[in-house]
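Computation of the quantities below employed the complete heavy-atom set of this structure, encompassing side-chain atoms and omitting hydrogens, waters and symmetry-equivalent molecules. Remember, it's a predicted structure, so these values are computed and weren't measured experimentally. Positions are given from 1, in the same order as the sequence printed here.
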Amino acid sequence: MSNKPLYFRLSSTTMNPCTMVKPVYEQARMTWLCTGCAFPKPDTKVVDATIQEEKPDNTPLNMISGCGVGIARKDFLFSFGEDLVRQHLYLGQVFAPDNRLLENWVTFVGRHRIIVRGSKNAGVRRCVKCGRNVYFAMGQLYLYPEPPRDIAIFDAGNGRLVVSEALIERVKLNAWRKLDCIALQV
């Protein structure tokens with residue numbers, strides 16, 4: 001038996017990501033959104049977003065299409081512990097098209113980002129504009145190298161989170177619709 005820690009990737013199974021309203025998206029392209037890889041620039045922290053949808057799909061995690069930013073239901077995210085979440089994620093506000101605050105939702109950008117690797121069809125490139133590693137793979141998912149053990153929540157991009165085994169035990173997974181949880185070996 002290995003003493004390596006076990007981690008879990010949490011993601012949405014929805015086929016309905018959110019989309020930013022055009023003026024907000026254009027402003028993002030001029031500020032925090034890398035136009036080379038369509039992800040937040042490495043120094044991006046808090047992102048506020050106005051989405052085209054009246055409300056996100058009924059899932060605890062989702063993403064904003066075309067910018068790599070995740071959104072989450074507050075009650076789901078804070079089930080890990082609000083202080084711990086705020087320690088590991090930058091949280092922003094989500095607005096409806098009429099600029100009404102969607103109080104139950106937040107955007108998130110990780111203070112610690114992680115690449116979930118795969119055993120098949122792996123490909124990687126370095127973004128020529130921001131320097132971020134852009135990675136894609138299929139097959140058996142895993143983490144390498146071993147993540148720092150003092151970090152409990154990682155941003156895996158596109159609305160996905162990687163959390164420690166100790167943290168996953170705090171959440172009643174079957175209480176959430178459209179939530180996928182995959183164990184990741186290191």
Does the side chain of [Y] come within less than 4.5 Å of [X]'s, by heavy atoms?
X	Y	value
Val163	Phe8	yes
Gln185	Leu6	yes
Ser12	Asp180	no
Cys34	Pro40	no
Thr50	Asn99	yes
Tyr90	Phe108	no
His88	His112	yes
Val106	Leu89	no

Side chain of [X], backbone of [Y]: donor and acceptor closer than 3.5 Å?
X	Y	value
Ser79	Val171	no
Arg111	Arg86	yes
Arg126	Gly131	yes
Tyr25	Thr19	no

Within 45° of the six-membered ring axis of Phe154 and under 6.0 Å from that ring's centre, is NZ or CZ of Arg113 located there?
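Negative - Arg113 is either too far from the ring of Phe154 or too far off its axis.
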Phe95 six-ring face occupied by Arg100 cation (under 6.0 Å, within 45°):
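Relative to the ring axis of Phe95, which defines the angle, Arg100 lies outside at least one limit.
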For the residue pair Arg73 and Asn104, confirm or rule out a side-chain donor-acceptor distance under 3.5 Å.
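No.
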Any donor-acceptor N or O pair under 3.5 Å, side chains Thr14, Thr59:
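Checked: Thr14/Thr59 side chains show no N/O donor-acceptor pair below 3.5 Å.
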Heavy-atom closest pair, residues [X] and [Y]:
X	Y	value
Gly92	Val46	CA-CG1, 3.7 Å
Phe80	Leu84	O-CD2, 3.9 Å
Pro56	Asn62	CB-ND2, 4.5 Å
Val94	Leu101	O-CD1, 3.5 Å
Pro148	Tyr7	O-OH, 4.1 Å
Asp57	Trp105	O-CH2, 3.7 Å

Report whether [X] and [Y] are members of the same hydrophobic cluster (ILVMFWY, side-chain heavy atoms less than 4.5 Å apart, transitive linking).
X	Y	value
Leu161	Ile168	yes
Ile182	Tyr142	no
Leu61	Trp176	yes
Leu10	Leu184	no
Val124	Val116	no

With a 6.0 Å cut-off (strictly less than), is the heavy-atom count around [atom1] of [X], excluding the residue itself, greater than 12?
X	atom1	value
Glu146	CD	yes
Glu26	CD	yes
Tyr144	OH	no
Asp75	CG	yes

To the closest 0.5 Å, what do you measure between [atom1] ([X]) and [atom2] ([Y])?
X	Y	atom1	atom2	answer
Lys45	Leu91	NZ	CG	14.0 Å
Gln93	Leu102	CD	CG	10.0 Å
Ser119	Leu141	OG	CG	7.5 Å
Cys67	Arg29	SG	CZ	11.5 Å
Ser11	Lys178	OG	NZ	13.5 Å
Asn174	Cys181	CG	SG	11.5 Å

Worked check of side chain to side chain contact (heavy atoms under 4.5 Å, CB included) between Leu173 and Leu179
CA-CA 8 Å; Leu173 294 172; Leu179 181 66; 3.9 Å; yes
Stepwise side chain to side chain contact (heavy atoms under 4.5 Å, CB included) check, Ile153 with Leu167
CA-CA 8 Å; Ile153 304 173; Leu167 223 52; 3.3 Å; yes
Answer yes when Lys74 and Glu82 have at least one side-chain N-carboxylate O distance shorter than 4.0 Å, and no when they do not.
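No salt bridge links Lys74 with Glu82.
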Applying side chain to side chain contact (heavy atoms under 4.5 Å, CB included) to Phe39 and Asn158, what does each step give before you reach the verdict?
CA-CA 9 Å; Phe39 258 70; Asn158 288 321; 3.7 Å; yes
Cys130 vs Cys37, side chain to side chain contact (heavy atoms under 4.5 Å, CB included): CA-CA, chis, key distance, verdict:
CA-CA 8 Å; Cys130 74; Cys37 63; 3.7 Å; yes
